[in-house]
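We name chains A, B, ... by the order of the sequence lines, and we start the count at 1 in each one. A quick note: this is a predicted structure, and the numbers were derived from the prediction, not measured.
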There are 2 protein chains.
Amino acid sequence: MATIKEIAKKAGVSYSSVSRALNNQTGVRPEIRKKVLEIAQELNYHPHSSAKALVQNRIGVLGVVIPRTSEFAFQNPYYSHMLLGLSSVANDMGYHLMLVINQQQSYASLCHSHLVDGIIVLANRIDDPYIPELVRDNVPAVVVPGYPDGWEFDIPSVNSENYQDVYRAITYLINLGHRDIAFILGGMNSNYSLVRLEAYKAAFRDKGLEYKDKYIKESDFSKTDAFRLMGELLNLPDPPSAVISINDATTPGVLHQINSRGLRIPKDISVVAIGCSDLVDLTDPPLTTIKVPVTQVGRAAARVLIELIAKGECRERHVVIPSALVVRESTGVWPSR
Amino acid sequence: MATIKEIAKKAGVSYSSVSRALNNQTGVRPEIRKKVLEIAQELNYHPHSSAKALVQNRIGVLGVVIPRTSEFAFQNPYYSHMLLGLSSVANDMGYHLMLVINQQQSYASLCHSHLVDGIIVLANRIDDPYIPELVRDNVPAVVVPGYPDGWEFDIPSVNSENYQDVYRAITYLINLGHRDIAFILGGMNSNYSLVRLEAYKAAFRDKGLEYKDKYIKESDFSKTDAFRLMGELLNLPDPPSAVISINDATTPGVLHQINSRGLRIPKDISVVAIGCSDLVDLTDPPLTTIKVPVTQVGRAAARVLIELIAKGECRERHVVIPSALVVRESTGVWPSR
DNA sequence: TGACAAACTGCAAACGTTTGCGGTATCCAC
DNA sequence: GTGGATACCGCAAACGTTTGCAGTTTGTCA
């Protein structure tokens, strides 16, 4: 591999001039710059990123941490969309992405060893033991979706309008006449579950109604578990008239359970899906959906992290991306006749 | 951040000894080693990976390239499974993963700039302009799934038993009595499409039968396109009695089209799915599937690449992972009564 | 022509490691 | 007590860059 010195020798200048020419800095005669660039091209020169990193104390890589999670969870299109968003901003800003799945060591050490300049934790669990260390060591880091309000420490986060969307969706269902609304949640160590359940309860409360605990089910975010739980719900003597499903993994399980019993949507039961997948667009009937703008969340997360790395702080520590409830045909008035 | 020199000063030894102690090399007294390790712990020392990389000429990172592709394609669980496989082996072998999506520059430059030690290209297109450069520059690289036999250049690859599986599936359908078997393919710049179509044709040929071009459809690997093409097929005066769908993205489109017409599987039409998703396990009826062992392909790819980096060559340049046709309930004899 | 500023250029240090080599201490056997 | 082997230790170079500083050239204007 060609180095800067070889170029210098070949061009007959010092290698500081070569460096300046290559990084188009000021202070090098145009003809020399041109010559240097030509020779670099000819030798197929590529700057040694480690050497650069060593002196500049910046490697140009963002660490994307996907905490220890089960295989089926990682299959969620959530991650794909997120990675697309992250990667598009990173590309534009001159950063690369290091993907860290099921890391068994502290996230902070990635930064301490200068492997990455900063860290994004995706789908963080609120009991993740490695996140407090990030704030203690003051590592540039962003978590998605973050922590409940008033949490014991503060770390930059990006989220979508989780609370508002679920609140709107439940209010909408209540207005349609539904009272027995089931919620297929994920694990309660996910802020997604916590915030959305909070909104669910608030929507009932604000209408002067009471939700029923038996309709609230904690899944492990998997399709099979959602299938099972939806089965339990439908076996109740008074099954729910509507159900809201927390993500793209659980929704197919819910739908499959409903379909396999020959129930009709929305005549027999209304369904609201939460997710980022366009899978739901082709279901029959088209699903009323809380469309989570995951790619945009990813873009924002990358932007915040890059700002954090550059400036040591960021203007907005807790970004919320607007999202929307899209009403389609899987929800109807109740009772339905 | 603590450096090796600070540890040396604090321990009262030279920093070469510290280095040796930390990398548990020979040539340092046990009590000194112990002391050094304690101080390192206490100072929260982490070796500077760039400094290390500079002198060792090895950064410990594998580049995972996902060529320019559309958003919906990246959503395919194929990539998730692959990344899980890659990451598990990489973790075990002390490597990290750099994820490069939609890279607009040459893949080889990643290696030339010492950002990564080697490169894995996922779902390579046979007309990808950046891959020949990898072999020209002798960059450690593996492509998945690779190129057709007798291609103009040779590059290590990992694939599953694409050909055999499709051959078996088509033979199986023919034995059931099917003659009009549709194939929803992807783009013909993908070796997946090429090889599988080859197998499709061979299965007919070897039975002394002729396939019909009108039943072969090239999709763009998307669900919506598959939905459209399946529509065209079912609109034919002589629609197919069976269909095989090339991946996890196209299958839902195919199924949705069939269901929306009120056709019954397998009475009216038999369906064979190709893919890695367990999505199909919950469909009604359960799908006869060519289960592609994508995670294992990923694991093998990482292993081959690491061997390539270490030894400069690998024993097996073209690994094929065995897979299987899993017969479930979406395929039946024809005619069906 | 001279003075002064501006633009250019090169030297050398620095970034944090690893490692070959030569030197020193330790130990054991005779 | 001497010899030699062995284990340990530190010096200094090396990896490929960037960059502050000082020195040199060029240009401009009076």
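- Rounding to whole angstrom units, CG of residue B/Asn57 and P of D/dA14 are separated by 16 Å.
- Between the side chain of A/Ser16 and the base of C/dC11, a donor-acceptor pair under 3.5 Å is found.
- Using a 4.0 Å cut-off between a side-chain N of Lys or Arg and a carboxylate O of Asp or Glu, B/Glu307 and B/Arg303 do not qualify as a salt bridge.
- Residue-to-nucleotide contacts include no donor-acceptor pair under 3.5 Å from the side chain of A/Ser17 to the base of C/dC8.
- Of the two residues near DNA chain D, B/Val28 and A/Tyr45, the one whose nearest nucleotide lies more 5' is B/Val28.
- Of the candidate nucleotides D/dT18, C/dC8, D/dA12, D/dT18 has the atom lying nearest to any side-chain atom of A/Ile4.
- Contacts of A/Asn23 with the nucleic acid, taken as non-hydrogen atoms under 4.0 Å apart, involve only primed sugar atoms and P, OP1 or OP2.
- Side chain to side chain, A/Ser157 and A/His318 meet the donor-acceptor criterion of an N or O pair below 3.5 Å.
- Of the listed residues (A/Lys34, A/Lys35, A/Gln41), just one forms a side chain to side chain donor-acceptor pair (under 3.5 Å) with A/Glu38, and that residue is A/Lys34.
- Among the atoms of the strands shown, none is found under 4.0 Å from any heavy atom of A/Glu31.
- Here the side chain of B/Arg20 is nearest to one of C/dT19, C/dC15, C/dC11, namely C/dT19.
- Aromatic ring orientation, A/Tyr79 versus A/Phe74: tilted (interplanar angle from 30° to 60°).
- Residue A/Glu6 is classed as having no contact, given no heavy-atom separation below 4.0 Å to the nucleic acid.
- Within 4.0 Å (heavy atoms only), B/Thr3 reaches sugar-phosphate atoms of the nucleic acid but no base atom.
- Among the nucleotides C/dG16, C/dT19, D/dT17, the one closest to any side-chain atom of B/Ala51 is C/dG16.
- The B/Ser14 side chain lies nearest to D/dG10 when the options are C/dC8, D/dG10, C/dT19.
- When rounded to the nearest whole Å, the span between OH of B/Tyr15 and P of C/dG20 equals 16 Å.
- Checking D/dT17, C/dG16, C/dC11 against every side-chain atom of A/Lys5, the shortest atom distance belongs to D/dT17.
- Just one of A/Val142, A/Val89, A/Val158, A/Ile119 meets the side-chain contact (heavy atoms from CB on, under 4.5 Å) condition when paired with A/Leu305; it is A/Val142.
- Across the protein-nucleic acid pair, A/Lys9 atom NZ and C/dG10 atom P stand 15 Å apart, rounded to whole Å.
- Checking C/dT17, D/dC9, D/dT18 against every side-chain atom of B/Val55, the shortest atom distance belongs to C/dT17.
- Dashed line: the shortest gap from a side-chain N or O of A/Gln25 to OP1 or OP2 of D/dT18 is not under 4.0 Å.
- Taking only side-chain atoms of A/Val13, from C-beta outward, the nucleotide of C/dC8, C/dG10, D/dC15 with the closest atom is C/dG10.
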